[in-house]
Amino acid sequence: MPISDTEKARHKSAKKRDAISKQRRLYNQANKSRLHTADRTFREIVAAGDVAKFEEAFRAFSSEVDKAAHKGAITKNGAARRKSRAAALIKKTA
């Protein structure tokens with residue numbers, strides 16, 4: 001049976017760090033998952049070619065990207081890059 005990281009840690013502070021790291025990992029994982037879902041939904045709408053929904057889809061996607069950046073799941077520059085590429089995709093498609 002493999003030994004977990006918490007059992008490897010010997011000091012109280014190391015055990016606490018490990019527990020906090022696990023919590024943060026799950027938190028970031030959930031935020032990134034939400035972001036990937038928003039990205040997939042946005043790209044599906046753009047691929048469908050429904051120009052009337054482009055603006056609404058971009059606004060929703062942009063909001064999710066900003067939330068993820070605010071929560072620290074992605075960097076500010078990463079958020080700007082994703083929004084820029086989404087806008088370029090709309091411009092190319094429309």
Side-chain angles (χ1 to χ4, degrees):
M1 185 165 124
I3 299 173
S4 70
D5 291 338
T6 308
E7 292 173 3
K8 286 181 187 175
R10 294 181 184 274
H11 295 282
K12 184 179 178 182
S13 59
K15 289 179 181 179
K16 184 177 178 182
R17 274 307 316 143
D18 184 56
I20 290 170
S21 293
K22 286 179 181 177
Q23 286 175 337
R24 287 186 176 167
R25 181 175 172 273
L26 290 174
Y27 180 75
N28 285 335
Q29 211 173 21
N31 283 310
K32 284 186 178 186
S33 176
R34 222 178 352 266
L35 183 61
H36 288 298
T37 302
D39 185 32
R40 187 172 58 247
T41 304
F42 170 73
R43 290 183 183 279
E44 286 172 358
I45 290 172
V46 171
D50 191 358
V51 180
K53 293 185 179 180
F54 279 5
E55 186 178 337
E56 182 183 334
F58 179 73
R59 192 176 301 124
F61 173 69
S62 181
S63 174
E64 283 297 326
V65 169
D66 287 337
K67 284 178 191 175
H70 181 73
K71 292 176 181 184
I74 60 172
T75 62
K76 256 177 28 175
N77 284 347
R81 182 180 61 245
R82 288 172 194 246
K83 290 193 299 186
S84 175
R85 288 180 180 172
L89 182 65
I90 287 178
K91 188 174 180 181
K92 185 175 101 173
T93 307

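Computed from a prediction, not measured in an experiment: that's the story for all the values here.
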What are the two closest non-hydrogen atoms of [X] and [Y], and how far apart are they?
X: Ile74; Y: Val65; result: CD1-O, 4.0 Å
X: Lys71; Y: Asn31; result: CD-OD1, 3.4 Å
X: Phe61; Y: Ala86; result: CE2-CB, 3.6 Å

* Asked: What pairs meet the side-chain hydrogen bond (donor to acceptor under 3.5 Å, both in side chains) rule with one or both residues in residues 82-94, with sequence neighbours excluded?
  -> Asp66-Lys83
Contacts of [X] that satisfy side-chain hydrogen bond (donor to acceptor under 3.5 Å, both in side chains) - sequence neighbours left out:
X: Glu55; result: Arg59
X: Arg17; result: none
X: Asn28; result: none

* **From CA spacing to verdict: side chain to side chain contact (heavy atoms under 4.5 Å, CB included), Gln29, Arg25** => CA-CA 6 Å; Gln29 211 173 21; Arg25 181 175 172 273; 3.7 Å; yes
* Could you point out which residue of Leu89, Val46, Ile90 forms a side chain to side chain contact (heavy atoms under 4.5 Å, CB included) with Phe58? => Ile90
* Asked: Tell me, do His11 and Lys15 make a side-chain contact under 4.5 Å, heavy atoms counted?
  -> no
* Under a 4.5 Å cut-off applied to non-hydrogen side-chain atoms, are Arg43 and Asp39 in contact? -> yes
* Got a sec, which residues hit side chain to side chain contact (heavy atoms under 4.5 Å, CB included) with Lys16, two or more places apart in sequence or on another chain? -> Ile20
* Structure fact -> The remaining residues in the hydrophobic cluster of Tyr27, counting side-chain heavy-atom contacts under 4.5 Å among Ile, Leu, Val, Met, Phe, Trp and Tyr, are none
* Asked: To the nearest 0.5 Å, how far apart are CG in Leu26 and OG in Ser21?
  -> 11.0 Å
